[in-house]
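Written below as structure tokens is the structure these notes are about.
Throughout, a chain's letter reflects where its sequence line sits, starting with A, and its residues are numbered from 1. Side-chain atoms are counted along with the backbone in the values below, which use heavy atoms only and exclude waters and symmetry mates.
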There are 2 protein chains.
Amino acid sequence: MEKAGREIMYSVFRIQKALYRLVREDATRVGITEVQLIVLYTLFKKENIRLNDLAEKLNMSNSTVSGTIDRLVSAGLVMRETSREDRRAVTLRLTEKGREKLIEAFNHESVLVQRLRKIENEIEAADIEKLLSIHQTIKDILLGEE
Amino acid sequence: MEKAGREIMYSVFRIQKALYRLVREDATRVGITEVQLIVLYTLFKKENIRLNDLAEKLNMSNSTVSGTIDRLVSAGLVMRETSREDRRAVTLRLTEKGREKLIEAFNHESVLVQRLRKIENEIEAADIEKLLSIHQTIKDILLGEE
DNA sequence: CACAAATAGTTCTTATGCGAATTATTCCTA
DNA sequence: TAGGAATAATTCGCATAAGAACTATTTGTG
């Protein structure tokens, strides 16, 4: 395989793992899993989203999301409601308890939030911009938008 | 949460998913899973590696790797051997069949290999270097090496 | 309008993926 | 050197993660 490409690949894998580990730390602290926390956050950012759209946003299959939502509903953190416009569809919403859980997870104790802040402080804005732009190029090439 | 940090996080997640999807394509073509293919590749690059070291290299727990190796052994692609120096340890090696499978996966048909090559061709070497260096900084911050 | 095609979710099966407990072996030190 | 601490791997339980098959609706086309 190609050397530079391989290095980029490994480098991305490593960062992703490190990020996931920090998310897991916050999630575990409040008694849920990292994926559940990411789902809560996404629902917080976008209310009344459909399961399909949530799955797409998270880059996950809807079978996976369906199962995760099952567990969040059982835990009383999320509500499932049949959409009135389309009775096939399901819309998802945080419960009050879910909202509280989310806020608790990303409070001042959150190492993830601290580290993300540190990244913003220690890396120059121009470099961050450069990084995101190269990432975009890479993503486009990987997805085959030529 | 912090805006730029969040963007970087999402951007990494997206690239990781895109990469995984391409690895999966090659893996599926030869009848194995993406993780199994990554393991075969790692064993190809480093013969007679211990399970522990393999897990560390892949950033996975050894319970996960142990299970994956189970399936690769069942499929006749990998050999497990008790280490002579340390009888607690297990060393792993590709079988001939495993080596053939790996070569078949990453042959000229491989979209992943093509795309990685394209990344090398279309992104300037200086930019790739810059990218890897920023990645390193981010990884260090995330892992808390302050 | 009828009815096939498309769409939204769920369920099933298999494979990760992790932490905790367990087993086997080796290391270390009183 | 005996026996506990440390280490390497496996096993177990649970939660992703994806694709395929399935159900329930809605859409599109003659």
Notebook entry, point to check: Hey, is the main chain of G5(B) close enough, under 3.5 Å, to the side chain of E120(A) for a donor-acceptor pair?
Noted result: yes
Notebook entry, point to check: When hydrophobic residues are tied together by side-chain contacts of less than 4.5 Å, even through go-betweens, does I123(A) share a cluster with L132(B)?
Noted result: yes
Checklist line | Contacting residues from residues 10-39 of chain A, given that a heavy atom lies under 4.0 angstrom of DNA chain C | finding: K17(A), R24(A)
Next item on the list: Give a yes or no answer on whether the side chain of K101(B) reaches the backbone of E96(B) with a donor-acceptor pair at less than 3.5 Å.
Entry: no
Next item on the list: Grab the two heavy atoms, one from L142(B) and one from R115(A), that are nearest each other, plus how far apart they are.
Entry: O-NH1, 2.9 Å
Check: How about E129(B): does its CD atom have over 12 heavy atoms from other parts shown lying under 6.0 Å from it?
Finding: no
Check: V111(B) and I32(B): same hydrophobic cluster, using ILVMFWY side-chain contacts below 4.5 Å?
Finding: yes
Next item on the list: With a 4.0 Å heavy-atom cut-off, tell me which residues in residues 54-78 of chain A come close to DNA chain D, sorted by residue number.
Entry: N59(A), M60(A), S61(A), S63(A), T64(A), T68(A), R71(A)
Notebook entry, point to check: Using 4.0 Å as the upper bound for N to carboxylate O, is an ion pair formed by K130(B) and D127(A)?
Noted result: yes
List the atom pairs, with distances to 0.1 Å, where a side-chain N or O of residues 7-14 of chain A and a protein N or O form a donor-acceptor pair under 3.5 Å, not counting sequence neighbours.
unit_1 : atom_1 : unit_2  : atom_2 : d
E7(A)  : OE2    : K3(A)   : NZ     : 2.9
S11(A) : OG     : H135(B) : ND1    : 2.5

Notebook entry, point to check: For DNA chain D, which nucleotides open and close the run of contacts to chain A, 5' to 3', at under 4.0 angstrom from a non-hydrogen atom?
Noted result: dA15(D) to dT26(D)
Margin query: Do the side chains of D53(A) and K46(A) get close enough for a salt bridge, i.e. N-O under 4.0 angstrom?
Written below: no
Notebook entry, point to check: Taking atom CD of E56(B) as the centre, does the number of heavy atoms from other residues, nucleotides or ligands within less than 6.0 Å exceed 12?
Noted result: no
Notebook entry, point to check: Can we say R93(B) and E47(B) salt-bridge, meaning some charged N sits less than 4.0 Å from an Asp/Glu carboxylate O?
Noted result: no
Note to self: Donor-acceptor check, side chain of T28(B) to backbone of R24(B), threshold 3.5 angstrom: yes or no?
What the structure shows: yes
Next item on the list: Enter the distance from I134(A):CD1 to I134(B):CD1 here, rounded to the nearest 0.5 Å.
Entry: 6.5 Å
Margin query: Assigning hydrophobic clusters by single linkage (Ile, Leu, Val, Met, Phe, Trp, Tyr; side-chain heavy-atom cutoff under 4.5 Å), is V30(A) placed with Y41(A)?
Written below: yes
Note to self: Reading DNA chain C from 5' to 3', where do the contacts with chain B start and stop? Cut-off is 4.0 Å to heavy atoms.
What the structure shows: dA15(C) to dT26(C)
Checklist line | L43(A) side chain reached by N48(A) side chain, heavy atoms, under 4.5 Å | finding: no
Margin query: Near DNA chain C, counting only heavy atoms under 4.0 Å, which residues of residues 81-93 of chain B show up?
Written below: D86(B), R87(B), R88(B)
